[in-house]
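To start, the structure itself, in structure tokens.
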Number of protein chains: 2
Amino acid sequence: MNTINTELLILESAKKLFIINGLEKTKMQQIADEAGINKSLLHYYFRTKDKLFEAVLAGILAEIAPMLKTFFGGDTPIFTKIERFVETYINLINKNPFLPEFVFNELNRNPENLVRVMISAGVDPDAILQQIEAEIESGKIKNINPKQLLINILALTIFPFLAKPIVKRILLENDEALFNQFIEERKALVSEFIINAITIK
Amino acid sequence: MNTINTELLILESAKKLFIINGLEKTKMQQIADEAGINKSLLHYYFRTKDKLFEAVLAGILAEIAPMLKTFFGGDTPIFTKIERFVETYINLINKNPFLPEFVFNELNRNPENLVRVMISAGVDPDAILQQIEAEIESGKIKNINPKQLLINILALTIFPFLAKPIVKRILLENDEALFNQFIEERKALVSEFIINAITIK
DNA sequence: GTCTATATTGTGATAGAC
DNA sequence: GTCTATCACAATATAGAC
């Protein structure tokens with residue numbers, strides 16, 4: 001196994017475990033086992049556990065940058081953006097069910113990471129606010145604080161995933177298939193809900 | 001210091017630290033320091049760290065039970081319930097800013113705790129769903145999956161607190177006062193948003 | 001680069017005096 | 001009930017052979 005492959009192997013193994021169990025609960029031994037190598041190699045490549053975690057996190061943040069760009073940037077109409085964001089977010093999660101909670105927690109723990117990602121993705125957080133403002137001015141949507149609308153969109157999209165265990169247990173008989181169906185239904189429902197809420201009648 | 005006071009002192013100290021830092025990051029030594037006593041006393045009163053945590057959690061869950069009862073039980077109209085829930089939830093958090101994330105995480109980690117609290121509070125999770133169903137039947141509100149509406153209500157209310165660091169940093173110049181103002185504005189805004197979304201025009 | 005062995009530290013928990 | 005001293009173990013990190 002040469003240098004580059006081992007390094008990537010470690011990163012992938014650590015990523016898998018960090019996402020599921022977080023920094024504290026993931027042990028170096030676990031990561032080594034997952035990668036099929038010795039504990040010492042982890043330190044050889046990444047010096048400390050914290051630095052390994054930082055490396056993993058950086059990779060994950062780079063992955064989600066395009067989604068942020070699609071949502072926050074560009075001049076697609078806001079209704080279309082909402083539909084696409086909900087769709088993209090849900091699809092992303094189907095590929096990696098534990099990712100959203102992990103990313104959300106990390107960005108919450110250190111919002112500067114989010115700032116950095118947005119800058120690196122060439123995204124201005126204010127752009128979408130100005131877009132909403134413009135759509136209000138033009139009479140397309142009701143007068144609402146653009147920041148509040150933005151939070152509402154994010155809340156309706158992200159919350160069900162953050163609260164997945166609760167939602168499954170209380171409302172859906174703890175059934176994974178029912179949850180997926182529930183989420184699938186939201187792809188159309190969330191957009192419709194928001195549009196109904198802010199369209200001028 | 002007699003038995004009862006010391007026990008309460010430990011519980012309060014542990015509560016404070018567990019809420020802010022969680023189970024893993026809170027050390028027994030920290031709790032002892034916070035309480036101004038020796039580490040051994042913690043074990044004397046609660047045997048293990050896990051049992052101490054359980055005791056703290058039980059106390060907190062008992063605290064939030066009344067709010068759940070108000071929201072999920074009773075036959076107040078759903079619009080009124082929404083307004084009151086948003087108001088109650090926000091006020092609760094103003095008293096203890098770190099509580100919602102902690103409680104949310106714990107209930108998510110082990111939803112059986114939520115089930116238990118609801119039972120102990122005499123609350124049937126299905127009651128509010130039937131209430132929504134009835135209001136749809138009677139033509140008061142649009143046809144929407146009651147479970148989806150319920151999640152939307154919870155999402156719009158709870159999410160901003162879960163995402164507080166992000167919201168503050170990205171939208172509100174990291175200003176605590178602006179955040180409080182933002183939340184205050186939501187007391188009316190969330191209800192209005194939902195009502196607009198589901199009222200038949 | 002990769003391994004085995006070991007050092008070091010932190011932390012939950014117990015023993016035993018008072 | 002409360003304290004000091006200590007144990008036992010787990011986990012990160014390093015030393016050094018190959």
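The chains referred to below are lettered A, B, ... by the order of the sequence lines, with proteins before strands, and numbering in each begins at 1.
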Reading nucleotides 5-18 of chain C 5' to 3', which nucleotides get B (base under 4.0 Å from a protein heavy atom), which S (sugar-phosphate only), which -? B-----SBBBB---
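- Pairs passing the ring pair (Phe, Tyr, Trp, His ring centres under 6.0 Å) check and including a residue from residues 162-195 of chain B, sequence neighbours excluded, do not occur.
- A search for salt bridge (charged side-chain N to carboxylate O under 4.0 Å, His left out) contacts involving B:E185 returns nothing, not counting sequence neighbours.
- Residue pairs meeting the ring pair (Phe, Tyr, Trp, His ring centres under 6.0 Å) criterion with at least one partner in residues 12-32 of chain B, sequence neighbours excluded, are B:F18-B:F53.
- One atom, CG of B:L41, and another, P of D:dT4, lie 10 Å apart when rounded to the nearest Å.
- Rounded to a whole Å, the CZ atom of A:F46 is 16 Å from the C1' atom of D:dT12.
- In this structure, A:Y45 atom OH and D:dT14 atom C1' are separated by 17 Å, rounded to whole Å.
- As a whole-Å value, the separation of A:D33 CG from D:dT12 P is 12 Å.
- A ring pair (Phe, Tyr, Trp, His ring centres under 6.0 Å) check over residues 130-162 of chain A, counting only residues at least two apart or in different chains, returns the pairs A:Y89-A:F161, A:F159-B:F104.
- With sequence neighbours left out, B:R116 forms a salt bridge (charged side-chain N to carboxylate O under 4.0 Å, His left out) with no residue at all.
- The CD atom of B:E133 sits 11.0 Å away from atom CD of B:E135, with the distance rounded to the nearest 0.5 Å.
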